[in-house]
Amino acid sequence: MSILQHSFGSSPAHARARALRTLAAEAGALVKALLNPNQIIEEVEQMRALHAAANRVEASNAARAAWLRSRASRIGLR
């Protein structure tokens with residue numbers, strides 16, 4: 001085991017456990033999305049509106065456009 005792996009506790013068993021937790025979380029998110037597609041549609045519409053607003057103000061206010069795009073990128077993470 002390399003010194004980096006040892007210091008971060010990255011044994012193969014630890015990596016497998018982390019991968020399984022990630023897989024379980026992703027599967028849970030998929031099931032939630034399949035059971036409630038309207039929420040996904042609403043989030044996509046919000047992101048689209050924010051990107052459209054960012055495109056409108058890009059020439060006059062680049063900082064505001066960047067902020068709108070940043071906000072749009074975080075909508076699905078709540």
Side-chain angles (χ1 to χ4, degrees):
M1 180 182 308
S2 77
I3 217 162
L4 289 175
Q5 288 174 326
H6 182 64
S7 61
F8 289 115
S10 294
S11 69
H14 181 72
R16 275 191 299 274
R18 190 173 54 227
L20 287 175
R21 281 193 303 272
T22 301
L23 179 62
E26 291 291 330
L30 176 62
V31 168
K32 182 180 174 185
L34 291 173
L35 293 175
N36 190 8
N38 291 333
Q39 180 182 357
I40 302 295
I41 292 168
E42 289 172 10
E43 288 176 353
V44 169
E45 288 173 349
Q46 288 175 353
M47 289 188 299
R48 187 189 133 300
L50 287 169
H51 278 284
N55 289 339
R56 283 193 303 273
V57 301
E58 179 73 42
S60 62
N61 193 344
R64 172 94 173 142
W67 180 81
L68 289 167
R69 288 188 181 101
S70 174
R71 191 169 153 209
S73 71
R74 288 189 292 266
I75 285 179
L77 301 177
R78 314 181 224 146

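Bear in mind the structure is a predicted one, so any value in this text is a computation, not a measurement.
- For Ile41, the side-chain contact (heavy atoms from CB on, under 4.5 Å) partners two or more places apart in sequence, or in a different chain, are Asn38, Glu45.
- Considering only residues two or more places apart in sequence or on other chains, Arg64 meets the side-chain contact (heavy atoms from CB on, under 4.5 Å) condition with Val57, Asn61, Trp67, Leu68.
- Between the CD atom of Gln46 and the CD1 atom of Ile75 there is a distance of 4.5 Å, given to the nearest 0.5 Å.
- Here the side chains of Pro12 and Arg16 are in contact, with some heavy-atom distance below 4.5 Å.
- Taking a 4.5 Å side-chain heavy-atom cut-off between Ile, Leu, Val, Met, Phe, Trp and Tyr, the cluster of Val31 extends to Leu35.
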Step by step, would you call Glu58 with Asn55 a side chain to side chain contact (heavy atoms under 4.5 Å, CB included)?
CA-CA 5 Å; Glu58 179 73 42; Asn55 289 339; 5.5 Å; no
Validation: residues 19-27 side-chain donor-acceptor distances under 3.5 Å, sequence neighbours left out:
{"from": "Thr22", "atom 1": "OG1", "to": "Arg18", "atom 2": "O", "distance (Å)": "2.9"}

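- Considering only residues two or more places apart in sequence or on other chains, Arg56 meets the side-chain contact (heavy atoms from CB on, under 4.5 Å) condition with Ala52, Ala53.
- In this view, Glu42 satisfies the side-chain contact (heavy atoms from CB on, under 4.5 Å) rule with no residue, not counting sequence neighbours.
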